[in-house]
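Inspection log for the structure reproduced underneath, given as C-alpha cells.
Throughout, protein chains are lettered first and strands after them, A, B, ... in sequence-line order, and every chain is numbered starting at 1. Given the structure is predicted, the values throughout are model-derived calculations rather than measurements.
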Protein chains: 2
Amino acid sequence: MTTQQTQDYLKAIYELASDHKTVSTTALAEHLFLTPASVTGMLKRLAVQKPALVRYKKHQGVQLTSLGEKMALQILRQHRLLETYLVEALGYSWDEVHEEACRLEHAISEQFENRIDAVLGRPQRDPHGDPIPSSNLEIPMDRSRPLSEFRPPQKAVICRVNGKDPALLRRLDKLGMIPGASITIVDYSELDQVLSIRIGTREPTCSVGSTISRQVLAEELLEPPAGDSQPS
Amino acid sequence: MTTQQTQDYLKAIYELASDHKTVSTTALAEHLFLTPASVTGMLKRLAVQKPALVRYKKHQGVQLTSLGEKMALQILRQHRLLETYLVEALGYSWDEVHEEACRLEHAISEQFENRIDAVLGRPQRDPHGDPIPSSNLEIPMDRSRPLSEFRPPQKAVICRVNGKDPALLRRLDKLGMIPGASITIVDYSELDQVLSIRIGTREPTCSVGSTISRQVLAEELLEPPAGDSQPS
DNA sequence: AAAATAATTTAGTATATACTAAATTATTTA
DNA sequence: TAAATAATTTAGTATATACTAAATTATTTT
C-alpha cells in the first residue's frame, strides 16, 4: 500500500512539474514544508522501490514515472472531487475546502470517489476552476492564461484560481473574481504595470507582478464574428 | 496531535470495556489484529504520556482515563455519523460502511462532523442501531438485550446489531432482521436451544448460542395496558 | 577561472509503531 | 500444591519518516 507521505510527494511533484519538467529538491521541500535533506531521502526510496514511482539522479531533480504520474492524477482527482463535493453538498465556502480535502483524499475508497462523482454529475472543474481528471485519468483541456498577460481592451472569463491561501480566496470572492465571472480589461499603465479590470460594476486594479494577476487565470473572450451585430 | 493508531487503540479499549471494566492485552490484540507484544508497548506509551490516556499496570489490563474516554467517544461519534451519512446521503448499504468509516473517522474535521450531523438532522442511531454520542459526548440510553435472552411469547423490536461482518449483515438484511423490525418469539426448544422468531411473514430460527442471537439486540414490546383494546 | 554563494547530499540521530523469540508471571488442572 | 498451560512482558530488531549539522557539488559573480 502506498502511504499518505508517498501520495503527498507524488502530488507535489506533479503540481510543480508543469509539462514534465524536472523538479528540484528544494522546490519540493518548500512545497511540502520539509527540509531538503528529508526530501532527498524520500526521493531515493521512491526511485528505488519496484515498481519505481519517480526517476531520480542526484543533483538533477525528479520526474514522475508513468506509474507515478497515474497515481498523482488519481490523488488529484480525489482531491478535486472532494473539494467540489464539500462546496456543493456540504455548504463549505471555497476557501475552506483545500485543507479538508488534503486529509480526506488519503482516506476515501474508489467506491466513495464514484459515489460523489455521480452525485455531482461528473463535474469537470472544482470550485477553484481546476480541472478534475476523469475516471480514466485524462485532464480536461485548459487554455487559460494568467490575468497579467491580458491588455485592454480584451474581454475574458475567469476560469481558474491557482492559489489556495484562504485569505486570497476570500479577497477574490469579495472582488467578484470567481470562475465564470466576465471581465473587461479597461486600462493598463505601462509605467507602474497596473491593470484595471471591470467585473460587473466593480473596477479593481492589480499590479502585473501581484499574486492576484499571476494566480487568477482567464480565457479570452473573442469578439463575436462580423455580421452578428445586435439590432437594438 | 493524536495519531490514527492512538485513536484506534482508544476506540478498541472503549468498545471492549463494557462498563469501565479492565481490558486485557490479548483481547485488545485480537480486536486490532496485532500481536500482544505490540499492544503492551503501545499501552505503556499511552499510559506514560502527559496527559495520560489510559491507566495501565502490567498484568492487570488497561482502562481509559477520563480524557481517553472523551477521545474514544469523539471518534466513535465520528465513526457512527459517517456510517449514517454514507447510507443516507451516498447510498451505501449497511454492510459496506464500517470499513470506509474506519478510515474516514481519522481524517474529518470538526466542521465536517458538524455539517453531516446537521444534514442528517442530528441522528441518534447509526444504520446498525448503535447509539451516536451527542456533540457533548453523551450516549443515548439503550435498554436492548440480545435475542438469545428472549422467550415465547415475547414481542420485541430489533434495535441494534453488534457485528460488523459484512456477510452477517447481508444475511440479516435478507432475513428482515434490521433495526426497527417488529418480531415475535414463537417458539423455544429447550432441548436444542433454538428460538423461532416471526418477522413479518418469515419465520427464521436461530440457536441461542449463535452469532445472530448474541449480536442482534432488541427491546421488548410490552403488552398494551388493559383498557387499551382496539375496537375492530 | 577563482571565489563566493546556493543547492544538494551524506551521515548520524530520533520517533512511532510494528514484529519475533525468549523470559516471566498468572491461572488452571490434576 | 505441583505441573501444565495460558497470558503477558521484555529484549532486541525493522521500517518509514522526519530532523540537524557537516560535507559536497553546482551555479553565479567578480
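- dT17(C) atom C1' lies 13 Å from atom CG of Leu32(B), rounded to whole Å.
- Here Thr40(B) lies in heavy-atom contact (under 4.0 Å) with a base.
- At the heavy-atom level, Thr35(A) lies under 4.0 Å from base atoms of the strands shown.
- For the pair Tyr56(A) OH and dA7(C) C1', the computed distance is 11 Å after rounding to whole Å.
- Side-chain contact of His31(B) with Glu15(B): a donor-acceptor pair under 3.5 Å is present, judged by distance alone.
- Between Gly41(A) and Pro36(B), the residue anchored nearer the 5' end of DNA chain C, judged by the nucleotide with its closest heavy atom, is Gly41(A).
- Nucleotide dT17(C) holds its P atom 14 Å from the CD atom of Gln4(A), rounded to whole Å.
- In this entry the distance linking CD of Gln49(B) with P of dT15(C) reads 14 Å, nearest Å.
- Going from atom CG of Leu43(B) over to atom P of dT10(D) covers 12 Å, rounded to whole Å.
- Note: His98(B) and His128(B) fail the aromatic proximity criterion, with ring centroids not under 6.0 Å apart.
- Each of Ser38(B) and Gln5(A) was assigned the nucleotide of DNA chain D with the nearest heavy atom; the assignment lying further toward the 5' end belongs to Ser38(B).
- Look at CG on Leu34(A): it is 8 Å from C1' on dA18(D), rounded to the nearest Å.
- Residue Tyr9(A) places none of its side-chain N or O atoms closer than 4.0 Å to OP1 or OP2 of dA16(D).
- A straight line from NZ of Lys58(B) to C1' of dT27(C) spans 18 Å, rounded to a whole angstrom.
- When only modelled atom types and interatomic distance are considered, Tyr92(B) and Glu100(B) share a side-chain donor-acceptor pair under 3.5 Å.
- Proximity of Val208(A) to Phe150(A): side-chain heavy atoms (C-beta onward) are nowhere separated by under 4.5 Å.
- Using a 4.0 Å cut-off, some side-chain N or O of Lys44(B) falls inside it from OP1 or OP2 of dT10(D).
- Comparing Arg45(A) and His59(A) against DNA chain D, the residue whose closest nucleotide sits nearer the 5' end is Arg45(A).
- A sub-4.0 Å separation between OP1 or OP2 of dT9(D) and a side-chain N or O of Thr25(B) is present.
- Between Lys57(B) atom NZ and dA26(C) atom P the separation is 13 Å, expressed in whole Å.
- Side-chain contact annotation: Glu113(A) with Gln74(A), donor-acceptor N/O pair under 3.5 Å present.
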